[in-house]
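The sequence lines fix the lettering, A, B, ..., with proteins before strands; numbering per chain opens at 1.
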Amino acid sequence: MKRATLDEADFVIVGTGAGGATAARVLAAAGHSVVMLEEGARLNTSERPRDAGGALAQAMRDGGSQVAFGSAPMPLLQGRCVGGSTAINSGIIWRMPDDVVEDWTSRFGLGHLVDPAVTDPIYDRIEEELEVTPTGDEVLGGNAKAMARGAEALGLPGAPMRRNAGRCRGSGECLQGCPGERRQSMDVSYIPRALADGARLHTHARVERVLVERGRAVGVRGRRLDASTGRSRATFEVRARRGVVLAAGVVHTPLILLRSHVAGPVGLHFQCHPGAAMLGRFDTPIRMSFGATQGYEVPMRERGYKLESLSLPPEMLAARIPGTGAEWQERIAALDHYAQWAAQSRFEAQGRVRLGFGGTPWVNYEPTEHDIAKLKEGLVLLARMMFEAGAREVYPGIGHVPEVLHGPDDVRLLEAAATTRPDLHLMASHLFGTARAGVDASDSVVGPNLEAHGMRGLFVMDASIFPTNLGVNPQHSIMAVVWRAATELAAEDAGRVARAG
Amino acid sequence: MRLLKMEQRWLEAALAGFAPEDGPGLAPRPGEVDWRASFERMADSSNGQAKVGMRAAVWLAGLAPMWLEGKPHTLIGLAPEERASLLERLLAHRSFAVRELVLLLKLQAAFALLGTATARARSGYDRDRPAPQESAASLRQLHVVSESSLEGGRS
């Protein structure tokens with residue numbers, strides 16, 4: 001098979017999500033030559049399909065069918081396109097919580113990486129560049145407003161979400177790609193900025209391993225994919241004069257590390273924030289089609305979960321409505337009367353990513369009983385909030401619980417049910433930890449500067465390096481940590497070049 | 001993913017069983033929804049494990065009258081209302097695997113029905129959605145050095 005040297009640069013960055021795009025933005029702005037490699041496609045907004053099936057097929061890894069295996073499979077949702085998951089998410093912005101900063105500092109020796117004296121100005125700058133603001137009342141929409149009513153009735157600490165969509169018009173199509181490019185996902189913000197600074201972008205380029213010479217990463221090797229069929233074509237190599245940055249995501253970064261024989265607990269400590277959603281039917285219209293896809297949240301950090309409004313495309317909404325045949329058809333004729341909210345929890349379970357058959361990923365993950373109990377508490381609270389907000393019926397979507405709750409008294413049936421993992425329809429989009437950072441080389445894959453302990457010139461800059469999950473949406477923390485590390489890398493490398501000169 | 005003729009008929013019987021034509025509410029009109037095309041599009045973008053699950057779901061539903069009710073025929077032999085009733089039983093089955101696989105079919109049915117422009121328009125779901133203010137020409141066109149259609153580079 002033909003192997004071509006596709007390109008060469010100071011830094012080769014694998015992946016264009018929150019981590020890879022931020023690294024490209026910082027390194028290119030510092031004057032380094034940068035090549036970005038993306039396995040997925042460039043999705044120009046005007047060409048993205050508006051239906052859910054088309055959106056999943058085009059922008060999600062495996063069309064949304066990637067799962068973690070345990071006593072029940074759990075979908076792991078990740079973007080696979082230019083912009084990565086930032087091109088499909090709701091743009092929710094949270095800084096790393098203080099207790100996580102303290103934990104990483106004390107247990108993993110990462111104080112240098114997450115020191116608020118350094119990261120706070122970085123957060124400020126990212127928020128300014130990505131137009132981060134709280135969701136305005138004019139675009140909250142009926143789904144989020146109903147949730148606000150429920151939270152206020154129960155005295156819960158809810159608030160409009162802060163998002164990177166300051167000019168949001170409430171199209172409710174974050175998954176399909178914001179139709180006006182108002183959400184500042186990486187494909188419309190940091191990647192164009194890096195390109196303007198001279199970076200180069202190659203799509204349909206699947207990286208499989210790191211090229212190593214005399215113990216140093218000097219490039220990557222992979223396969224080019226056919227844009228229409230996805231089948232692999234010729235192999236390629238891209239050479240890196242200064243360093244290789246892996247930012248292929250929590251499932252695929254460890255696979256590249258494993259194929260490249262990088263030492264350490266690669267693939268271990270996989271963590272996530274599994275969530276489950278609940279529907280309520282209201283007499284007055286909710287009109288989920290207008291408003292921010294996600295606009296309101298109730299952070300219950302001390303309890304270990306967060307409640308969020310979640311507006312979905314109608315295809316996904318309809319699938320969650322109970323019934324078949326005439327009963328289902330009558331219910332889905334009133335799609336604008338439904339609200340959907342989700343509980344997302346900070347699980348303690350840890351799983352593993354490994355190379356499966358044919359080099360594809362195999363993820364094992366089994367929540368603990370405590371995890372399930374914690375999420376269940378959040379779901380019970382959601383049901384209460386729905387009735388307080390005026391729901392006529394609530395559809396919990398939980399096994400061994402009535403599929404329709406008709407009033408607040410019925411919530412006790414949900415509360416009393418002995419819920420186990422297979423009773424819940426979980427999915428996770430916040431993934432962490434398969435190449436974790438730390439000072440102890442025997443227990444981590446990269447050091448505090450995000451360079452691999454066992455390979456000079458190889459850096460990991462995505463949520464794989466997070467030694468724990470966060471309990472909040474991770475995009476902002478990923479960007480800040482990568483910004484910090486990439487800035488130091490750029491300065492260090494410039495110094496090395498100056499000294500050599 | 002290519003289905004056998006028999007699988008295609010089971011699939012269409014199952015998906016149409018969730019939303020029979022000319023039913024009440026948001027029902028498809030005769031011939032309006034291409035159930036199979038929607039299923040195949042989703043299967044084509046799915047990974048190998050999911051494809052196995054999707055095919056298993058078709059067999060499970062297609063043969064459900066036999067294994068669940070002891071009847072000597074497949075799903076195709078049932079009247080539309082009987083199919084709906086059978087699918088409801090499968091969705092509430094004690095086995096997690098059965099429930100999940102049939103829910104996967106329901107997801108396909110919803111995607112096919114509401115992915116059909118005319119049915120979606122009848123749902124009225126999008127009537128409150130703001131129209132984009134930007135013209136296609138004003139949206140960003142990312143410059144890519146090479147896509148797979150280009151050979152690029154130096155050999």
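For chain A, the nearby part of B:Q49 is the side chain; its heavy atoms alone come within less than 4.5 Å. Within the 4.5 angstrom heavy-atom criterion, only side-chain atoms of B:L91, from C-beta onward, approach chain A. Neither the backbone nor the side chain of A:M36 comes within contact range of chain B, judged by heavy atoms closer than 4.5 Å. Residue A:L56 touches chain B through its side chain alone, counting heavy-atom pairs closer than 4.5 Å. Residue B:E100 touches chain A through its side chain alone, counting heavy-atom pairs closer than 4.5 Å. Using a 4.5 Å cut-off between heavy atoms, A:E403 contacts chain B through its side chain alone, with no backbone atom that close. With a 4.5 angstrom heavy-atom cutoff, A:F69 touches chain B only via side-chain atoms. For chain B, the nearby part of A:E327 is the side chain; its heavy atoms alone come within less than 4.5 Å. Neither the backbone nor the side chain of B:R122 comes within contact range of chain A, judged by heavy atoms closer than 4.5 Å. Contact of A:P361 with chain B is made through the backbone alone, with heavy-atom distances under 4.5 Å.
Each of B:R83, B:M42, B:R41 has some count of heavy-atom pairs under 4.5 Å with chain A, and the biggest count is that of B:R41. By number of non-hydrogen pairs under 4.5 angstrom with chain A, the leading residue of B:R94, B:M54, B:K106 is B:K106. When B:S46, B:S123, B:G23, B:A117 are compared by the number of non-hydrogen pairs under 4.5 Å with chain A, B:S46 comes out ahead.
Ion pair B:R120/A:D51 not flagged as a salt bridge, since none of the NZ, NE, NH1 or NH2 atoms sits closer than 4.0 Å to an Asp/Glu carboxylate oxygen.
Put simply, the side chain of A:E330 never gets that close to the backbone of B:P24: no donor and acceptor are under 3.5 Å apart. Looking only at distances, a side-chain donor or acceptor of A:T324 sits under 3.5 Å from a matching main-chain atom of B:A84.
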**Study point:** side-chain contact (heavy atoms from CB on, under 4.5 Å) between B:L113 and A:I332, worked out
**Key:** CA-CA 11 Å; B:L113 177 62; A:I332 64 174; 3.7 Å; yes

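The CG atom of B:D126 sits 6.0 Å away from atom OG of A:S289, with the distance rounded to the nearest 0.5 Å. Going from atom CD of A:E173 over to atom CZ of B:R129 covers 4.0 Å, rounded to the nearest 0.5 Å. Between the CE atom of A:M316 and the CG atom of B:L107 there is a distance of 7.5 Å, given to the nearest 0.5 Å. Taken from CG in A:L335 to CG in B:L26, the straight-line distance is 7.0 Å, to the nearest 0.5 Å.
Residue A:H425 comes nearest to B:L103 through the heavy atom pair CE1-CD2, 3.3 Å, listed as atom of the first residue, atom of the second, then distance. A:A333 approaches B:G25 most closely through the heavy-atom pair CB-CA, 3.7 Å. The two residues A:L312 and B:Y125 make their nearest non-hydrogen contact at O-OH, 3.0 Å.
For the pair A:P322 and B:E88, the minimum side-chain heavy-atom distance is 4.5 Å or more. Taking the side chain as every heavy atom from C-beta outward, A:D423 and B:R99 approach each other to under 4.5 Å.
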